[in-house]
Protein chains: 2
Amino acid sequence: MEITEQLHAKGLKSTPLRSSLMKIFQDHHSPLSAEELESKLKGLDYDPASLFRCLKKFTEAQLIRVVDLGEGFHRFESICHVHSHHHHVMCNSCKKIETIPFCIPKEIETHLKKTGYSHLTHRMDFFGLCGSCS
Amino acid sequence: MEITEQLHAKGLKSTPLRSSLMKIFQDHHSPLSAEELESKLKGLDYDPASLFRCLKKFTEAQLIRVVDLGEGFHRFESICHVHSHHHHVMCNSCKKIETIPFCIPKEIETHLKKTGYSHLTHRMDFFGLCGSCS
DNA sequence: GTTTATGCAAATGGTTTGCACTCGA
DNA sequence: TCGAGTGCAAACCATTTGCATAAAC
C-alpha cells in the first residue's frame with residue numbers, strides 16, 4: 001500500500017512532512033528519537049512543533065508506538081504487525097538499539113493475576129555494552 | 001545507625017532537609033516522586049532546587065536509586081541492601097506501586113551475552129489494574 | 001469550501017545551574 | 001575557618017499549546 005493510502009486509511013491527510021516521516025519509519029526498524037528524526041528530515045523545511053504533532057497523530061493512529069528507554073526523551077518506532085510485541089537491548093556506549101526475540105515468562109504475569117492484578121502489560125529492556133564496544 | 005552517622009559515613013553533611021529526607025526514605029519503601037516527597041516535607045522550609053540536589057547526592061552516594069516508570073518524572077527509593085534488586089507493578093488507576101519478588105529468566109541474559117553483550121543490566125516493570133481498582 | 005495541518009511564538013513541567021550567602025564539622 | 005549545602009532567580013530541554021495562515025481533499 002502506498003504511503004498516502006496508508007495515511008488516508010487512518011483518516012490522516014498526506015503532507016510532505018507526514019509522508020517523509022512514514023518513509024523513515026518504514027526504512028528504520030529501531031526506535032528513533034525526535035532529534036534523530038530531525039536529522040533524517042534534513043532538507044525538508046518544517047517546524048519542530050509539527051513534527052511532535054505528527055508523532056502524536058501517528059501514535060494515536062497506531063502507525064507507530066512510543067518507546068521510553070529512560071533517556072529523558074521519547075523514541076518512536078513503526079508498528080510492524082508481523083513482530084508486534086518485542087523488547088530492546090541498548091548499548092550504553094554507542095546507543096545502538098536492538099530488538100530481542102524473548103519475552104518474560106508467563107509465570108510472573110500469572111502470579112500477578114493471582115494477587116489481584118488484571119489488564120497487565122509490561123516493559124522490559126536490557127542495557128549493556130555491545131560486541132563492538134566491549 | 002543514626003541518620004546523621006549514615007550521612008557522615010557517605011561523606012555528606014547532615015542538614016534539616018537531608019535528615020528529613022532520610023527519615024522519609026526509611027519509612028517508605030515504595031518509590032516516591034519529588035512531588036510526593038514535597039508533600040511529606042510539608043512544614044519544613046526548603047527550596048525545590050535543594051531537594052533535587054539532595055536527591056542527586058543521595059543517588060551518587062547509593063543511599064537511594066532512581067526509578068523511572070515512564071511517567072514523565074522520576075521516582076526515588078531507598079536502597080535496602082537486604083532486598084537490593086527487585087521490580088515493580090504499578091496500578092494504572094490508583095498509581096499504587098508494589099515490589100515483586102520475581103526477576104527475569106537467566107536464559108535471556110545468557111543469550112544476550114552469547115550475542116556479544118557484556119555488563120548487562122535490565123529494567124522490568126508491570127502495569128495493570130490492582131485488586132481494588134479492578 | 002471545509003476540514004485538517006502547519007508555522008510561529010510563547011508556555012509548560014520536570015529538573016538543573018550560577019551565584020552569593022550560610023551553615024555544619 | 002572553610003568547604004559543602006542552600007535560597008533565589010534564571011536557564012534548560014523535551015514537548016505542548018494558542019492562534020492565524022495555508023494546504024489537502
In whole Å, what is the span from the [atom1] atom of [X] to the [atom2] atom of [N]?
X       : N      : atom1 : atom2 : answer
A:Arg75 : D:dA14 : CZ    : P     : 12 Å
A:Lys57 : C:dT6  : NZ    : P     : 10 Å
B:Tyr46 : C:dT15 : OH    : P     : 13 Å
B:Leu32 : C:dG14 : CG    : C1'   : 17 Å
B:Phe52 : D:dC12 : CZ    : P     : 18 Å
B:Leu44 : D:dG5  : CG    : P     : 16 Å
B:Leu51 : D:dT6  : CG    : C1'   : 12 Å
A:Arg18 : D:dA23 : CZ    : P     : 15 Å

Taking OP1 and OP2 of C:dT15, is either one under 4.0 Å from a side-chain nitrogen or oxygen of B:His74?
->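 Looking at the OP1 and OP2 atoms of C:dT15, one of them is under 4.0 Å from a side-chain N or O of B:His74.
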Phosphate-side-chain proximity, B:Ser50 and D:dG5, N/O vs OP1/OP2 below 4.0 Å |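 Checking B:Ser50 against D:dG5: no side-chain N or O falls below 4.0 Å of OP1 or OP2.
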Step through the shown structure and confirm whether more than 12 heavy atoms of other residues, nucleotides or ligands are within 6.0 Å of [atom1] on [X].
X       : atom1 : answer
A:Asp45 : CG    : no
A:Lys96 : NZ    : yes
B:Glu35 : CD    : no
A:Lys95 : NZ    : yes

Which heavy atom in B:Leu12 sits nearest to a heavy atom in B:His8, and how many Å separate them?
->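 Looking at all heavy atoms of both residues, the shortest contact is O-CD2, 3.3 Å.
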Shortest non-hydrogen contact from A:Ser93 to A:Leu129?
->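 Closest heavy-atom pair between A:Ser93 and A:Leu129: CB-CD2, 3.7 Å.
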Does the side chain of A:Phe25 come within less than 4.5 Å of A:Leu37's, by heavy atoms?
->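 With C-beta onward as the side chain, the pair touches.
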Using a cut-off of 4.0 Å on non-hydrogen atoms, how would the nucleic acid contact of A:Phe73 be classed: base, sugar-phosphate, or nothing?
->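 If one applies the 4.0 Å heavy-atom cut-off, A:Phe73 turns out to touch the sugar-phosphate alone, with no base involved.
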Can you pull every protein N or O that's under 3.5 Å from an N or O on nucleotides 23-25 of chain C?
residue	atom	partner	partner atom	Å
C:dG24	O3'	B:Ser14	O	3.4
C:dG24	N2	B:Lys13	NZ	3.3
C:dA25	OP1	B:His8	NE2	2.5
C:dA25	OP1	B:Ser14	N	3.4

What pairs with A:His111 under side-chain contact (heavy atoms from CB on, under 4.5 Å), at least two apart in sequence or on another chain?
->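 side-chain contact (heavy atoms from CB on, under 4.5 Å) list for A:His111, sorted by chain: A:Thr115, B:Phe102.
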For nucleotides 17-22 of chain D, tabulate all protein N/O to nucleotide N/O atom pairs closer than 3.5 Å, reporting atom names and distance.
residue	atom	partner	partner atom	Å
D:dG18	O6	A:Arg53	NH1	3.2

Aromatic plane relationship, B:Phe126 with A:His122 - under 30° parallel, 30 to 60° tilted, over 60° perpendicular |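 The arrangement is tilted - the two ring planes meet at 30° to 60°.
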